[in-house]
Amino acid sequence: MIYSPVPIEIEIEATRSLMAEEEAIMAEQEEEAMTSVAKAAPVTAQRPVRADLEEYIPKPYLARALVAPDVNHPEGTKDGHQHRQRSVLQQHVAFFDENGDGVIYPWETYRGLRRLGFNIIVSFIVAIGITLGLSYPTMPTWIPSPLFPIYIDRIHRAKHGSDSATIDTEGRFMPVNFESVFSKNARSRPDKLTLREIWTMTNGNRLPYDPFGWIASKGEWILLYILAKDDEGYLPREAIRGCFDGSLFEFIADQRKKKAHGKQH
């Protein structure tokens, strides 16, 4: 039997082919490791997440304690809004603390809603709902108060479930989850939400056995829609972001005050 050596060209080609196959397998594994869509879970394709956030926001996965950044405002709100070393969740409710003592009483909540333009009936009902939902969890003792105060320094204890997770359990702002509000739900406009999209989003955020969270989430988003929708019936991104850090409330109250002052002159 005569041995016939394999030509060197064939060996080189075989080696190249094997290396190409290995590179293709590694590339596929890397792609699978980073994919956000699973074929067996259609909901992952129906509610996509963005993969380019780091091009706009430094470390979008990092919870922000003091500011609420997004792709358009990587450093948060700048126009006159001051965080005063309060968490974003504390800033969200601080608008209703009229005297700045760190405690929000039911009458302050009512007057704050009136300053935002809600009528007497809506302000009264919403103030009761907010007070009953937030007062006791923020109390410094186990004994409830007949005045139903809401303590701002403990407001994180009153965070409900079935929400967008834009605010974490310590009251910090999660940029990546804020952006997911739009990538998952904004179908008509990329940076705005319709009332139907808001309804669908709150349905998708529901956790099992959490009726309080279901109701609270829908109520908050519907109130925000009524408060800040534009002339075309959309809720803009900037209004939503401003709601989280409270700057929206300050802006609306200031505009209403200027308008009322203008009518008097």
- Item | Test applied, side-chain hydrogen bond (donor to acceptor under 3.5 Å, both in side chains); reference residue, Asp254; option that passes from Arg256, Lys258, Lys257 | Lys258
Check [X] against [Y] and note the closest heavy-atom contact, atom names and distance.
X      : Y      : value
Val88  : Asp245 : CG1-CA, 4.0 Å
Phe148 : Leu132 : CE2-CD2, 4.1 Å
Ala63  : Met174 : CB-SD, 3.3 Å
Pro74  : Pro69  : O-CB, 3.3 Å
Ala228 : Pro236 : O-CD, 3.5 Å
Val103 : Pro149 : CG1-CB, 3.4 Å

Spatial distance of atom [atom1] ([X]) from atom [atom2] ([Y]) [nearest 0.5 Å]:
X      : Y      : atom1 : atom2 : value
Met201 : Ser217 : CE    : OG    : 6.5 Å
Leu116 : Leu227 : CG    : CG    : 5.5 Å
Ile240 : Lys192 : CD1   : NZ    : 11.0 Å
His160 : Leu134 : NE2   : CG    : 8.5 Å
Lys229 : Thr194 : NZ    : OG1   : 12.5 Å
Lys184 : Thr200 : NZ    : OG1   : 14.0 Å

Output yes when a side-chain donor or acceptor of [X] lies under 3.5 Å from a complementary backbone atom of [Y], and no otherwise.
X      : Y      : value
His73  : Glu75  : no
Ser135 : Ile150 : no
Ser87  : Arg172 : no
Thr202 : Lys218 : no
Gln91  : Arg86  : yes
Asp97  : Gly102 : yes
Arg114 : Phe118 : yes
Thr138 : Ile155 : no
Glu197 : Ser188 : yes

Verify the neighbour count for atom [atom1] of [X]: are there more than 12 heavy atoms of other residues, nucleotides or ligands below 6.0 Å?
X      : atom1 : result
Trp214 : CH2   : yes
Arg196 : CZ    : no
Tyr136 : OH    : yes
Asp230 : CG    : yes

Given side chains that start at C-beta, do those of [X] and [Y] come closer than 4.5 Å, heavy atoms only?
X      : Y      : answer
Leu193 : Val181 : yes
Asn177 : Ser164 : no
Ile222 : Trp199 : yes
Tyr56  : Arg50  : yes

Treat each ILVMFWY residue as a node, draw an edge where side-chain heavy atoms are under 4.5 Å apart, and state whether [X] and [Y] are in one component.
X      : Y      : value
Val71  : Val67  : no
Leu235 : Leu223 : yes
Leu224 : Leu89  : yes
Ile167 : Val93  : yes
Phe244 : Leu113 : yes

- Residue pairs, two or more places apart or on separate chains, that pass ring-ring contact (aromatic ring centres under 6.0 Å, His included) and touch residues 94-116: Phe95-Phe249, Phe96-Phe249, Tyr105-Trp107
- Would you check if there is a donor-acceptor pair between the side chains of Thr77 and Arg241 at a distance under 3.5 Å? yes
- Task: Start with the C-alpha distance between Arg237 and Glu179, add both sets of side-chain angles, then the distance that settles salt bridge (Lys or Arg N to Asp or Glu O under 4.0 Å), and finish with yes or no.
- Result: CA-CA 9 Å; Arg237 162 193 283 268; Glu179 296 300 333; 2.9 Å; yes
